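Working notes, structure below.
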There are 2 protein chains.
Amino acid sequence: MSEDIVTPFRSHPHNHQRCVADAMALAEERCGRRGVRLTPIRRRVLELIWGRHEPVKAYDLLDQLREDHRGAAPPTVYRALDFLLEQGLIHRIESLNAYIGCGDPSHPHLGQFLICDRCNAVAEMDDSDIRDLLARKAATQGFHVNWQTIEINGVCPSCRAVPESVSAGDDSD
Amino acid sequence: MSEDIVTPFRSHPHNHQRCVADAMALAEERCGRRGVRLTPIRRRVLELIWGRHEPVKAYDLLDQLREDHRGAAPPTVYRALDFLLEQGLIHRIESLNAYIGCGDPSHPHLGQFLICDRCNAVAEMDDSDIRDLLARKAATQGFHVNWQTIEINGVCPSCRAVPESVSAGDDSD
DNA sequence: CCAGTCATGTTATTCTGTTGCAAATCAGTG
DNA sequence: CACTGATTTGCAACAGAATAACATGACTGG
Ligand SMILES: [Zn+2]
Ligand SMILES: [Zn+2]
Ligand SMILES: [Zn+2]
Ligand SMILES: [Zn+2]
């Protein structure tokens with residue numbers, strides 16, 4: 001199947017405790033298998049990212065990190081983020097300068113992201129149709145693709161079901 | 001035709017003087033028609049962006065701007081950039097924090113960008129197949145699309161024709 | 001001329017991310 | 001254990017990207 005919804009919109013409340021726990025377990029396992037170290041700082045940052053189901057900013061992470069890790073500085077969090085990105089455990093959302101947990105770190109991939117402008121929810125897809133179409137279109141230009149950044153902004157299902165004004169941000173444009 | 005190459009890779013050297021002049025003329029015309037003012041600062045910034053056929057950084061623009069416009073400050077250039085973005089005369093490349101001239105400002109559009117990691121060349125597409133596929137895929141998630149950021153990194157045709165080491169950046173990964 | 005809008009000047013600040021080097025920790029080795 | 005080399009962290013400074021806030025100037029239309 002071409003369409004792989006890695007992280008859907010969390011419309012119905014889910015067991016988030018478990019959701020995070022699963023993600024952490026996957027991460028542990030993956031790092032073990034790869035022979036890289038998911039150190040306490042890295043683990044904590046990943047936890048903080050998963051804690052919200054939204055894109056998280058580096059300096060927000062830093063603030064939270066400082067609460068129980070006195071002496072944390074920008075490099076602390078950026079190094080952890082670099083590690084997590086390398087291991088495919090998180091993704092960076094370029095258009096937001098923010099980071100989000102990867103819903104399927106079992107194989108490395110670039111995701112395609114649906115970003116709700118009202119509630120900040122993000123769904124991750126990993127759709128081969130999209131990947132392939134872009135690669136094909138690029139090829140017609142003689143271009144060889146190494147990396148794709150696909151970020152789609154709009155309104156998620158939950159927010160569409162709601163009168164404009166209720167959700168976060170008064171964008172009565 | 002679905003495939004619209006707005007700005008192709010400039011493989012053969014082209015008449016860049018004219019290329020810029022045309023772009024400026026289009027911009028003048030478009031602003032006139034829209035009843036907005038392409039002031040000297042805005043015009044200069046657009047010129048500077050077109051001067052290179054690459055993504056240009058805001059602070060590089062600022063430096064250049066200062067050469068003949070003493071007293072230019074960050075807001076000077078960011079305000080000009082905002083204006084040019086609004087008028088669809090330039091695009092912002094999110095993954096680079098950089099700006100590039102739009103090859104077809106005649107109608108407003110989001111572009112899809114092919115970015116060469118070796119030589120920094122960028123080609124702009126505005127391909128309805130891509131746009132539509134993404135909209136369709138988003139729709140299957142109940143998502144309504146307002147905006148798309150499509151940035152594809154890789155190697156452009158000219159650079160593919162050249163042994164790795166010659167071009168900028170030693171990425172013998 | 002006056003008021004209103006748009007554009008610019010100016011200063012400071014915030015947010016985002018990196019560099020460089022020293023200290024600590026860890027894994028393997030004899 | 002002690003020695004070594006690699007990885008990770010601590011720390012201080014800095015660079016780069018963007019915005020806030022408020023004053024000033026310039027171009028409208030009456
Ligand atoms: Zn969850
Ligand atoms: Zn993912
Ligand atoms: Zn364009
Ligand atoms: Zn190239």
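Labels below follow one simple rule: chain letters A, B, ... track the order of the sequence lines, proteins then strands, and each chain is numbered from 1. Note that the structure is predicted; figures quoted are calculated from it, not measured.
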May I have the distance from Y99(B) (atom OH) to dG16(D) (atom P), rounded to whole angstrom?
-> 15 Å
Y59(A) atom OH is separated from dT19(D) atom P, nearest whole Å, by 17 Å
For the pair made of CD1 in I93(B) and P in dA18(D), what is the distance, rounded to whole Å?
-> 13 Å
Is L26(B) linked to L46(B) within one hydrophobic cluster, defined over Ile, Leu, Val, Met, Phe, Trp and Tyr using a side-chain heavy-atom separation of less than 4.5 Å?
-> no
Separation of atom CG in L62(A) from atom P in dG10(D), rounded to whole Å = 12 Å
Look at all strands and tell whether R42(B) reaches a base, only sugar-phosphate, or nothing, counting heavy atoms closer than 4.0 Å.
-> sugar-phosphate
Shortest non-hydrogen separation from C156(B) to F143(A) and the atoms involved | CA-CD1, 3.7 Å
What nucleotide among dG10(D), dT8(C), dA18(D) has an atom nearest to a side-chain atom of P74(B)?
-> dA18(D)
For L81(B) and dA17(D), give me the distance from atom CG to atom P, rounded to whole Å.
-> 12 Å
Mind calculating the distance between CG (L65(A)) and C1' (dT16(C)) to the nearest angstrom?
-> 17 Å
Just by distance, do the side chain of R42(A) and the backbone of F83(A) share a donor-acceptor pair under 3.5 Å?
-> no
Do the side-chain N or O atoms of K57(B) get closer than 4.0 angstrom to the phosphate oxygens (OP1, OP2) of dG16(D)?
-> no
Under 5.5 Å between ring centres and under 30° between planes: true for Y78(B) and the base of dT19(D)?
-> no
Nearest to side-chain heavy atoms of A73(B), which nucleotide of dG17(C), dT11(C), dA17(D) | dT11(C)
Sugar-phosphate, base or nothing in reach of F83(B), heavy atoms under 4.0 Å | nothing
With a 4.0 Å cut-off on heavy atoms, is R37(B) in touch with a base, just the backbone sugar-phosphate, or nothing at all?
-> sugar-phosphate
Aromatic plane relationship, H107(A) with H109(A) - under 30° parallel, 30 to 60° tilted, over 60° perpendicular | tilted
Distance, rounded to the nearest Å, where I41(B) contributes CD1 and dC27(D) contributes C1' = 15 Å
Each residue besides L96(A) in its hydrophobic cluster should be listed here, by chain and number; the cluster joins Ile, Leu, Val, Met, Phe, Trp and Tyr at side-chain heavy-atom distances under 4.5 Å.
-> I93(A), I100(A), F113(A), I115(A), V122(A)
Answer with base, sugar-phosphate or nothing: what part of the nucleic acid does R70(B) contact at a heavy-atom distance below 4.0 Å?
-> nothing
Between the side-chain atoms of R79(A) and the base atoms of dG10(D), is any donor-acceptor pair under 3.5 Å?
-> yes
Selection from dG10(D), dT10(C), dG9(C) that lies nearest to any side-chain heavy atom of T76(A) = dG10(D)
Interatomic distance where CG belongs to L38(A) and P belongs to dC26(C) [whole Å] | 14 Å
The answer to which of P75(B) and V36(B) contacts DNA chain C further toward the 5' end, by nearest nucleotide, is V36(B)
